[in-house]
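Right, one structure below, let's go through it.
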Protein chains: 2
Amino acid sequence: MTERISDAEHAVMEVLWKRAPLTATEVADQVVQQKDWSLQTVKTLLSRLAAKAVVGTERDGRRFLYSPLVERDDYLTGVSRNFVDRLFGGKVMPLVAHLAEADELSADDIREIEELLRELKK
Amino acid sequence: MTERISDAEHAVMEVLWKRAPLTATEVADQVVQQKDWSLQTVKTLLSRLAAKAVVGTERDGRRFLYSPLVERDDYLTGVSRNFVDRLFGGKVMPLVAHLAEADELSADDIREIEELLRELKK
DNA sequence: ACAATGAAACTACAGATGTAGTCACTGACG
DNA sequence: CGTCAGTGACTACATCTGTAGTTTCATTGT
């Protein structure tokens, strides 16, 4: 049921998740610092997101204010589960194991994660 | 530099990663148990993968034998890094934290990961 | 030698995606 | 009051993806 968000759209969402509501121009100003896109491109992405009801629009005089309609957390949960399911058979352990073996985990990372897990077991 | 592999193509790759080389028909036989695709669809996917040099072809008389040219591990590393970079700022901890908060981690999962980390620190 | 079979090659086609351009309208400015 | 700049709406268009169908060629059994 969760609407699909493409990579390009995701960059726009990140801006809105950081602060909202924003006008299209404000969003574009932020996005352009990351991606080399034109204002029109950002507007198109906002329209598509609005069409999918992933962002909401609120009229403000001549322009619109855009706000996310889905929580970043919910989105992350969805894509994370999907990712782990597709690539690691739904188990997180193999993912962590893989990252570790690929040297994507520093000693500090490991310490941080251990502490986090200790907290969780409270 | 790592060639993009689409979702559908990935399903085909999983079969080849399990066993290779295989003929197109053999691959399709496996894939069809998971996805409800026609033989032609699987052949198309194999062709696209071959065009991208993600699988290699070896003539065997009248037909071809297909084998993966990229290691599953390398592929996983690439997509995992990309995933963690895009969604969690490149840090694994927030990912684990997120999964934990979203109740995607069972107590068993946590124990397993802890043990894994302990091993790693050796 | 010929017809049926099976496999690769080529073609198809709609929907999603990335990346804009252009049009029309409206309020602000001179 | 006429012009311009900002804004949303609509249009564009090449690729990529998912999902096949059709054509062609070689092989194999009769």
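Chain identifiers are assigned alphabetically (A, B, ...) following the order of the sequence lines, protein sequences preceding nucleic acid strands; residue numbering begins at 1 within each chain. Computed from heavy atoms alone, side chains included, the values below leave out hydrogens, waters and symmetry copies.
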**Q.** R63(B), nearest nucleotide to its side chain (from dA9(C), dG8(D), dA7(C))
**A.** dA7(C)
Q | Interatomic distance, D60(B) CG vs dT27(D) C1' [rounded to whole Å] | A | 13 Å
(Q) For L95(A), run the side chain to side chain contact (heavy atoms under 4.5 Å, CB included) check against V84(B), L95(B), V92(B) and tell me which one passes. (A) L95(B)
Q) Does R48(B) make a side-chain donor-acceptor contact with the base of dT19(D), cut-off 3.5 Å? A) yes
Q: For F64(A), enumerate each residue passing the ring-ring contact (aromatic ring centres under 6.0 Å, His included) test, keeping only those at least two apart in sequence or located in another chain.
A: none
Q: Please report the closest heavy-atom contact between Y75(A) and L87(B), naming both atoms and the distance.
A: CE2-CD2, 4.1 Å
Q: Send over the distance from L46(B) CG to dA8(C) C1', rounded to a whole Å.
A: 11 Å
Q) Does anything in residues 26-42 of chain B reach DNA chain D, meaning a heavy atom under 4.0 Å, and if so which residues? A) D36(B), W37(B), S38(B), Q40(B), T41(B)
Q | Between dG8(D) (C1') and E58(A) (CD): distance, integer Å | A | 16 Å
Q.
Over 60° means perpendicular and under 30° means parallel, so tell me whether F83(B) and F83(A) are parallel, tilted or perpendicular.
A. parallel
Q: List the atom of V32(A), the atom of W37(A), and the distance in Å for their closest heavy-atom pair.
A: CG2-O, 3.3 Å
**Q.** Heavy-atom closest contact (E9(B) atom, L49(B) atom, distance)
**A.** CB-CD2, 3.8 Å
Q. Expressed in angstrom and rounded to an integer, what is the separation of R59(B) atom CZ from dA26(D) atom P?
A. 10 Å
(Q) Just checking K52(A): does its NZ atom have more than 12 heavy atoms from other residues, nucleotides or ligands closer to it than 6.0 angstrom? (A) yes
Q. Are any of R62(B)'s side-chain N or O atoms less than 4.0 Å away from OP1 or OP2 of dT5(C)?
A. no
(Q) Can you see if the side chain of T44(B) gets near the phosphate of dG18(D) - specifically, an N or O under 4.0 Å from OP1 or OP2? (A) no
Q: Spell out, as yes or no, whether a donor-acceptor pair under 3.5 Å connects the side chain of D109(A) to the backbone of S106(A).
A: yes
Q: Using heavy atoms to find the nearest nucleotide of DNA chain D for K52(B) and L65(A) separately, return the residue whose nucleotide is more 5′.
A: L65(A)
Q: Quickly work out the L22(A) CG to dG8(D) P distance and round it to whole Å.
A: 12 Å
Q) Can you check the K43(B) NZ to dT23(D) C1' distance for me, whole Å? A) 12 Å
Q) What parts of residues 4-19 of chain B reach DNA chain D, counting only heavy atoms under 4.0 Å away? A) R4(B), S6(B), D7(B), A8(B)
Q.
Between K121(B) and R111(A), is there a side-chain heavy-atom distance shorter than 4.5 Å?
A. no
Q) Does dA9(D) have OP1 or OP2 sitting under 4.0 Å from an N or O in the side chain of S47(A)? A) no
